[in-house]
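These notes are about the structure you will find just below.
Please read these numbers as outputs of a predicted model, since none were measured by experiment. Residue indices begin at 1 and follow the sequence shown.
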Amino acid sequence: RRCIFDDSGIHSAGTAAVIEDNIFYKGGRSWEEDISHKVMDYHEGSGGIMFKGIGYGVTFRYNFCDDEGFWPDGDGTGTRLYGNAFHDCGGYAIYNEYADDDTLVIGNYMGNCQAGVATSYCNRTQIYDNFITGPGSGIIFHNRDKFQMRHSFMVVRGNAIVGSPTPLSG
């Protein structure tokens with residue numbers, strides 16, 4: 001709470017973590033800068049605020065993120081993101097990936113990012129009342145064609161998406 005993360009990020013927070021009132025600056029890494037990814041020749045960068053594995057009930061609120069996004073990935077549920085500002089993210093402001101289900105994204109600002117919110121292999125993501133400004137995409141739902149995903153619901157309501165060539169895709 002109330003920390004400044006300059007050229008660093010958070011990787012893994014555990015169960016029921018509350019991350020609030022922080023400033024995150026330039027915490028993301030390209031794959032060449034991530035030591036473990038470089039050794040494995042794994043061409044995917046690491047997000048500045050990234051949760052790989054179990055992350056149940058994580059609340060991320062009232063944070064300012066410059067040049068890094070929020071990336072929950074794998075077997076989490078109940079993530080809540082509200083009242084945050086994401087600016088100049090090289091990738092997605094929020095990338096909700098693989099089985100991080102029941103995520104609520106409400107009242108965030110996302111500006112000058114590759115996309116505001118993107119999900120992949122997730123169920124029951126709800127995106128309400130956010131302000132997303134281009135030049136990238138607004139909201140993207142990846143991999144919705146898989147059988148288990150086809151019958152789950154996603155909610156997108158009350159968002160302002162400005163200056164985006166693709167406000168909603170997937």
Side-chain angles (χ1 to χ4, degrees), residues 1-29 45-134 136-142 152-162 164 167-168:
R1 185 165 198 240
R2 295 189 176 149
C3 295
I4 296 174
F5 296 87
D6 186 5
D7 200 23
S8 66
I10 295 176
H11 291 211
S12 224
T15 302
V18 176
I19 303 161
E20 66 181 349
D21 290 333
N22 298 296
I23 297 172
F24 295 92
Y25 180 69
K26 292 189 182 250
R29 298 282 180 260
S46 58
I49 305 144
M50 181 171 67
F51 304 97
K52 292 274 191 182
I54 299 170
Y56 295 105
V58 172
T59 299
F60 189 78
R61 64 184 177 203
Y62 312 130
N63 297 288
F64 178 78
C65 304
D66 189 26
D67 194 32
E68 64 182 281
F70 185 88
W71 182 9
D73 181 8
D75 299 327
T77 190
T79 302
R80 304 290 180 253
L81 295 106
Y82 58 92
N84 302 291
F86 297 90
H87 190 259
D88 282 342
C89 299
Y92 304 139
I94 298 168
Y95 184 34
N96 199 45
E97 191 179 18
Y98 190 73
D100 195 70
D101 300 327
D102 303 306
T103 298
L104 175 63
V105 180
I106 186 168
N108 298 285
Y109 165 81
M110 297 159 231
N112 199 29
C113 302
Q114 181 182 354
V117 180
T119 69
S120 181
Y121 291 103
C122 295
N123 290 302
R124 300 174 304 274
T125 300
Q126 300 177 63
I127 305 167
Y128 298 109
D129 302 328
N130 297 285
F131 185 83
I132 303 168
T133 181
S137 298
I139 298 169
I140 302 171
F141 294 121
H142 294 294
S152 72
F153 69 89
M154 304 294 225
V155 177
V156 176
R157 187 172 70 209
N159 297 286
I161 302 173
V162 180
S164 172
L168 180 64

Can you list everything that forms a side-chain contact (heavy atoms from CB on, under 4.5 Å) with Ala160? Sequence neighbours excluded, please. Phe131
So how far is it from Thr125 OG1 to Asn123 CG, rounded to the nearest 0.5 Å? 7.5 Å
List the residues meeting side-chain contact (heavy atoms from CB on, under 4.5 Å) with Ala115, not counting sequence neighbours, and say none if there are none. Tyr92, Ser137, Ile140
Do you know the tightest heavy-atom contact between Cys113 and Ala93? SG-CB, 3.9 Å
Residues forming a side chain to side chain donor-acceptor pair (under 3.5 Å) with Asp102, sequence neighbours excluded: Thr77, Arg124
Step-by-step side-chain contact (heavy atoms from CB on, under 4.5 Å) determination, Val105 to Met110: CA-CA 11 Å; Val105 180; Met110 297 159 231; 4.2 Å; yes
With Glu20 via side chain to side chain donor-acceptor pair (under 3.5 Å) - residues at least two apart: Arg1, Arg61
Rounding to 0.5 Å, atoms CD1 (Ile132) and CG (Asn112) come to a distance of 13.5 Å
Closest heavy-atom pair and its distance - Asp100, Thr79: OD2-OG1, 3.0 Å
Applying side chain to side chain donor-acceptor pair (under 3.5 Å) to Asn22 and not counting sequence neighbours gives Asn63
Can you name the side-chain contact (heavy atoms from CB on, under 4.5 Å) partners of Ile23, sequence neighbours left out? Ile4, Phe64
Going by heavy atoms in the side chains, are Gln114 and Tyr95 under 4.5 Å from each other? no
Once ring pair (Phe, Tyr, Trp, His ring centres under 6.0 Å) is applied, do any residues pair with Phe70, and if so which ones, sequence neighbours excluded? Phe51, Phe60
Are Val117 and Phe86 close enough that some pair of their side-chain heavy atoms sits under 4.5 Å apart? no
Please name the pair of heavy atoms, one in Cys122 and one in Tyr98, separated by the smallest distance, quoted to 0.1 Å. SG-N, 3.9 Å
Quick one: does Asn130's side chain have a donor or acceptor within less than 3.5 Å of a partner on Tyr109's backbone? no
Which distance, rounded to the nearest 0.5 Å, do you find between the CZ of Phe24 and the CG of Asp66? 12.5 Å
Rounded distance [0.5 Å steps], CD1 in Ile94 versus CD1 in Ile127: 8.0 Å
For Ser164 against Gly136, the heavy-atom pair lying closest together: OG-O, 2.8 Å
Residues passing the salt bridge (charged side-chain N to carboxylate O under 4.0 Å, His left out) test with Arg2, sequence neighbours excluded, are Asp21
Counterpart residues, side chain to side chain donor-acceptor pair (under 3.5 Å), relative to Tyr128 (two or more places apart): Gln126
side-chain contact (heavy atoms from CB on, under 4.5 Å) with Asn96: of Leu81, Asp101, Thr103, Asp73, only one passes, and it is Thr103
